[in-house]
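Here is the structure we will look at.
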Amino acid sequence: MLDIKRIRNNPDEIKIGLKNKGIDPEIDKILEIDKKMRHLKNQTDELKHRRNIVSKEISLKKKNKEDASNSIAEMQKVSKTIKENDNEIQKYKSLLNELLFNTPNIPHKSTPIGKSEKDNVVIREVGKKKVFDFSIKDHIELAEDNSLIDFKRGAKIAGSGFPLYTGEGAKLERSIINFMLDIHTTKHGYKEIFPPFMASIKSTTTTGQLPKFGDDMYSVNEDGLYLVPTAEVPVTNIHQEEILDVKNLPTKYTAYSACFRKEAGSYGKNTRGLQRLHQFNKVELVQFAHPEKSYQVLEEIVSNAETILKKLNLPYRVIELCTGDLSFASSKCYDIELWSPATEKWLEVSSCSNFEDFQARRGNIKFRESNKVHFVHTLNGSGVATPRLMIALLENYQREDGSIEIPKVLVPYFGKKEIRKN
RNA sequence: GGAGAGAUGGCAGAGUCCGGUUGAAUGCGCCGCACUCGAAAUGCGGUUUCCGAUUUUUCGGAACGGGGGUUCGAAUCCCUUUCUCUCCGCCA
């Protein structure tokens, strides 16, 4: 959530930022309510001050066995007014909160201005697209031929978008997850977390899914819980309502989780096979950073994710999202995309964002530095999501005879050098 | 799921029965200063957060898990809710 003081002091800066994001800002409405609320609060605080003084007088009088009924009568009236005012203030506050919680973060000044994904900027392309001297298969054919994934039975169990990994497919998935976690914990200094896969209304509000995007998540209404769309939700909320010691910044967590997304309205194109799923696996990177360091940390997270792809020797590119393509909560965001040779398309496997203090304000996550308290900056990035990684891996490592080579770094995890149908 | 107990500052822990200068004793921790060549020990001082006004300072308000109520006044009384612990039940 945006800082109300910042809105008060620099309304134009905020308006421009939101416009760049393609949002029609309600800043004037916010300012108007804020002004009314503060005015009433001032009046009411004065009344409360008066009441505090008279209450002490009453206390003294009673001790001395004097008559206090006049004071009490006066305070009865005052208290009534205070109560009415407090109710009014509360109304303004919840109105203000509703507006603020529905207002997105504003882009960082370095974020390229643009309207849609067409205006995103390619930062770098790493690795060479492999040239095949035979006609290649796509990941669906490869997965089915080698009995790695049973899409039909997955659909039978839960519907489309719920893949059933079987045999070596299941083991390969597990190998990838373990490989990524091991790299991030041993080489990049992250602490491993295994979080709950459901999160409360409050937690999903911290990270920005609620109140606006509740429809994108699966929910268990009777318990007020949401299936996590990403481990970002539980992991960011580890320090909800806490004040961290500046010595502990940055705090770095990595977590595997299953991710659940409704992906409503996205049927049809680009949903075949593993491209777009209701349930998928992801290893997430989350950092709580000092505000002065957070943009450095963002670059670090991107490079941590890139390390995985480099070690797997897969061609990828890093793009920077333009203001119009930026998500609700983020100020700056890089996506990493893997090359799918069969479809000749780039597939997003990671999204690395700096949310600055946007989530920290919502979740009240702070740090103390020389006796002063500030909001932390939160950042996260996928390191990385498995389904599209699996697509790239199967397609890039396929051989002419239909077998699949296992990348060197995965062999210790997978236990074999190749997948070959008997 | 049933019965009971509890939730207080960074931590531990008083206060709650009997409502009134208690934002909160005490201890630990932390910061500063003194002592010391230095450290330890000791002594002195400081140390919650949020909101508003005014601003190099200060003033006012709020908060004792959350929400509501009673009252001139609530950490303290009442209701409700969440969580934790103990016992029972169920269970991987």
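Reckoned from all heavy atoms, side chains included, excluding hydrogens, waters and symmetry mates. In what follows, chains are A, B, ... by sequence order, proteins preceding strands, each numbered from 1.
For RNA chain B, the stems formed by at least three consecutive Watson-Crick or G-U pairs, with both atom-pair distances below 3.5 Å, span B:1-7 with B:82-88, B:10-12 with B:26-28, B:29-34 with B:42-47, B:48-53 with B:58-63, B:65-69 with B:77-81.
A:M37 places its CE atom 13 Å from the C1' atom of B:rA53, with the value rounded to the nearest Å. Put simply, CD on A:E241 is 14 Å from C1' on B:rU82, counting in whole angstrom units. To the nearest angstrom, C1' of B:rC50 lies 15 Å from CD1 of A:I89. If you measure from atom CG of A:L40 to atom P of B:rG60, you get 21 Å, rounded to the nearest angstrom. Rounded to whole Å, atom C1' of B:rU71 lies 16 Å from atom NZ of A:K80. When rounded to the nearest whole Å, the span between CD1 of A:I243 and C1' of B:rC30 equals 14 Å. In this structure, A:N42 atom CG and B:rA62 atom P are separated by 14 Å, rounded to whole Å.
Within a 6.0 Å sphere centred on CD of A:E13, other residues, nucleotides and ligands contribute more than 12 heavy atoms.
Note on A:K5: only backbone sugar-phosphate atoms sit closer than 4.0 angstrom, heavy atoms only; bases stay farther off. Within 4.0 Å of A:S79, counting heavy atoms only, lie sugar-phosphate atoms of the nucleic acid but no base atom.
Nearest heavy atoms, A:P163 versus A:Q279: CD-O, 3.9 Å.
Aromatic ring orientation, A:F213 versus A:F328: perpendicular (interplanar angle above 60°, classes split at 30° and 60°). Ring pair A:F162/A:Y218 is tilted by interplanar angle, where 30° to 60° counts as tilted. Taking the six-membered ring for Trp and thresholds of 30 and 60 degrees, A:H374 and A:F367 have ring planes inclined between 30 and 60 degrees apart.
RNA chain B lies under 4.0 Å from at least one heavy atom of each of the following residues of residues 46-60 of chain A: A:K48, A:H49, A:R51, A:N52, A:S55, A:I58, A:S59.
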Set out, line by line, the N/O atom pairs under 3.5 Å between protein and nucleotides 64-68 of chain B.
none

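For the residue pair A:Y334/A:E299, the side-chain donor-acceptor check at 3.5 Å is satisfied.
A cation-pi contact, defined as under 6.0 Å to the ring centre and within 45° of the axis, is absent between A:K191 and A:Y253.
For the atom pair A:T103 OG1 and A:I14 CD1, the distance stands at 9.5 Å (nearest 0.5 Å).
Counting only distance, with no hydrogens or angles, the side chain of A:Q287 and the backbone of A:L379 share no donor-acceptor pair below 3.5 Å.
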